[in-house]
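Since the model is a prediction, treat every value here as computed from it, not as a measurement. Numbering of ligands and ligand atoms starts at 1, following listing order. For this chain, numbers begin at 1 and follow the sequence in order.
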Amino acid sequence: MIYQSTRSKALKADSLQAVLKGLAPDGGLYLPQQIDTIAFDWKCTLTEDTQAIAVRVLSALLPDFNNMPQLVEQAYTGKFETEELTPTVPVGEDYVLELFRGPTSAFKDVALSMLPQLLCAAKAQTGDTDTTLILTATSGDTGKAALAGFADVPGVRIVVFYPEEGVSPVQKAQMVTQAGANVQVCAVKGNFDDAQTGVKRAFAACAAGALPADSGVELSSANSINIGRLAPQVTYYFKAYADLVRANRITAGDPVDFVVPTGNFGDILAGYFAKKLGLPVGMLVCASNANNVLTDFLTTGCYDRRRPFHKTDSPSMDILVSSNLERLLYLVTKGDTDAVAQWMNSLNEEGAYTVPQGVLEKLKEEFWAGCCSDIDTALTIKEVWDAHGYLMDTHTAVAWNVAQQYKKAVGADRPVVVLSTASPYKFPAAVLAALCPQQQLTGDGFDQMEQLQSLTGVPVPKNLSGLRQRAVLHKDCIRPDQLLDYVLEAAKKN
Ligand SMILES: *Cc1c(COP(=O)(O)O)cnc(C)c1O
């Protein structure tokens, strides 16, 4: 199977190279040319366990890897709270797909447990002996999950950049306490988009010669621009569907709608890949917080990032430039690389682009979009807790709220699956305030974790409860314009 850049058919790669490089040399993202025609027997997944589904999905999307079963086993065995990795839990008449049962309590663990395996295998198979320097911009969760995945992996260094004021105290504590001889964590003055843009610029500058080709160091990315990040996420759509069939809630073949709390558009795009592989996915519902650039885009066809940036209680979705949307645009235009390149250029230079009406209509056939304010997010957390005794985090609550909007708007009478992307204990202040709106919050994030546990009886995940005692190991803080120099210094530590 051939991969190519979303911006140029001439820039081809196999799946090993696509994982190694992360981003195509022209700034585009890698996609398989033949995703519509991959032979995939989705019905087999109905009776398989999660690891077997992962092997099947990853072998289909990344066919050049030898030994996928072994890579999957090494990635997941014993690392999650349950061996099914991602449980599907009934809540009211709908379902919550819990993606946060991994080592850092965020859904990013599903992909970032797998990516190091893929990267090391790709290096071994291609005889690549350079050091891989992973650069990652994080809105909070990717950073820790990537650090946990790559810590002390031979032949790899990782640098994580997070927005100084843009992550929760628990998220920050998770990152700055990360041990490992090959890890660096650095705050960037600004928001997530500043950090992400800085990282993209550093990639471009290094490709243009700032990092000499004979340096013995090559860059790669752990963000969802890397196809090795995206592909493992496809698995849990199949797993959830199989769970609904097993629960006799649907018959194999019935469409199921998935509601996804969205930031960089990676998670929801994985659902679109699952659909392309044959899974009967109905609507993919894109849920946003007050940074509702995607709601507007999927309603009007105009993507416009020239708007105020809101710091919300669901910070992992505080994003105005959703990188993976580029892949969707490529797919719905049947590979119109010129149009995609032009839109991305216009986004870069003017901050906006508009797709033709025909493209918008195609998008609307498969995607529905809605958004939810912080106030409604808090009300939703309380409502769901009071009605169903289910405790959800702020990101999940955004999606749950939008799911109800969706059901009302289209009169859907079939079950929806709401993807749950983080443990409520990663955002204890916001969740506690939602449950006890009359009370003044006291103490720090760790005190609030304990308060939330005694209030609800839902246990704090072990990886979070131990954080408070751990020493802070990373204190660097830079401006976005210093990011390239920081990267070049890190490359010298090789
Ligand atoms: C990353 C993240 C999201 C957004 O996922 P995308 O793939 O970027 O759309 C949503 N919720 C949480 C908790 C996250 O960490």
Side-chain angles (χ1 to χ4, degrees), residues 29 86 96-112 115 136-148 160 162-163 166-168 170-172 174-175 192-193 195-196 221-227 229-234 236-237 258-273 284-289 291-295 297-298 312-328 367 369 371-372 377 392-402 418-428 430-431 461 464:
L29 309 184
T86 54
V96 172
L97 173 56
E98 293 187 339
L99 305 176
F100 58 82
R101 300 285 180 189
T104 77
S105 302
F107 97 95
K108 308 287 198 296
D109 287 325
V110 178
L112 285 163
L115 184 63
T136 292
T138 183
S139 56
D141 288 334
T142 297
K144 178 60 183 185
L147 289 162
V160 167
Y162 69 93
V167 301
S168 85
V170 176
Q171 288 177 313
K172 181 171 172 180
Q174 283 186 295
M175 290 188 279
F192 171 70
D193 287 317
Q196 174 159 266
S221 167
N223 283 102
S224 54
I225 53 176
N226 192 322
I227 192 73
R229 241 306 280 283
L230 216 48
Q233 297 178 218
V234 178
Y236 47 70
Y237 286 90
F258 290 87
V259 187
V260 189
T262 295
N264 229 352
F265 213 78
D267 202 5
I268 193 167
L269 189 72
Y272 191 65
F273 280 19
L284 286 162
V285 178
C286 175
S288 301
N289 60 27
N291 295 295
N292 56 0
V293 63
L294 286 166
T295 318
F297 172 67
L298 289 167
T312 73
D313 289 336
S314 43
S316 300
M317 294 154 66
D318 289 349
I319 292 178
L320 292 179
V321 181
S322 292
S323 303
N324 272 296
L325 188 61
E326 177 169 350
R327 284 190 165 110
L328 178 63
F367 290 86
C371 55
C372 174
T377 302
M392 51 180 49
D393 97 294
T394 46
H395 304 74
T396 311
V398 166
W400 184 272
N401 182 288
V402 171
V418 174
L419 275 63
S420 175
T421 46
S423 160
Y425 287 102
K426 287 196 92 166
F427 308 95
V431 175
L464 296 178

field: Contacting atoms of ligand 1, where contact means under 4.0 angstrom from a heavy atom of F107
entry: 1 (C), 2 (C), 3 (C), 5 (O), 7 (O), 14 (C)
- prompt: Between Q196 and N264, do the side chains contain an N or O donor and an N or O acceptor separated by less than 3.5 Å?
  reply: yes
Residue, atom name and distance, where the atom is the protein heavy atom closest to atom 12 (C) of ligand 1: T421 OG1, 3.3 Å
query: Identify the closest protein heavy atom to atom 4 (C) of ligand 1: which residue and atom is it, and at what distance?
result: G263 N, 3.5 Å
- request: Decide whether D313 and T377 meet the rule of one side-chain donor and one side-chain acceptor closer than 3.5 Å.
  value: no
query: Taking only heavy atoms of G266, which atoms of ligand 1 are found under 4.0 Å from at least one of them?
result: 6 (P), 7 (O), 9 (O)
query: For atom 13 (C) of ligand 1, what is the nearest protein heavy atom, given as residue, atom name and distance?
result: D141 OD2, 3.1 Å
- request: Give the atoms of ligand 1, by number and element, whose distance to some non-hydrogen atom of T262 is under 4.0 Å.
  value: 9 (O)
- request: Do me a favour and list the nearest non-hydrogen protein atom to atom 10 (C) of ligand 1 with residue, atom name and distance?
  value: P261 O, 3.5 Å
task: Can you sort out which atoms of ligand 1 are near A422, meaning under 4.0 Å from one of its heavy atoms?
output: 13 (C)
- prompt: After noting the C-alpha distance and the side-chain angles of Y237 and F273, does the key distance pass the ring pair (Phe, Tyr, Trp, His ring centres under 6.0 Å) rule?
  reply: CA-CA 10 Å; Y237 286 90; F273 280 19; over 10 Å; no
- prompt: What are the atoms of ligand 1, with element, lying closer than 4.0 Å to any heavy atom of K108?
  reply: 1 (C), 2 (C), 3 (C), 14 (C), 15 (O)
field: Heavy-atom nearest neighbour in the protein, as seen from atom 7 (O) of ligand 1, with distance rounded to 0.1 Å
entry: D267 N, 2.8 Å
query: Which protein non-hydrogen atom lies closest to atom 6 (P) of ligand 1, naming both residue and atom, and how far is it?
result: N264 N, 3.5 Å
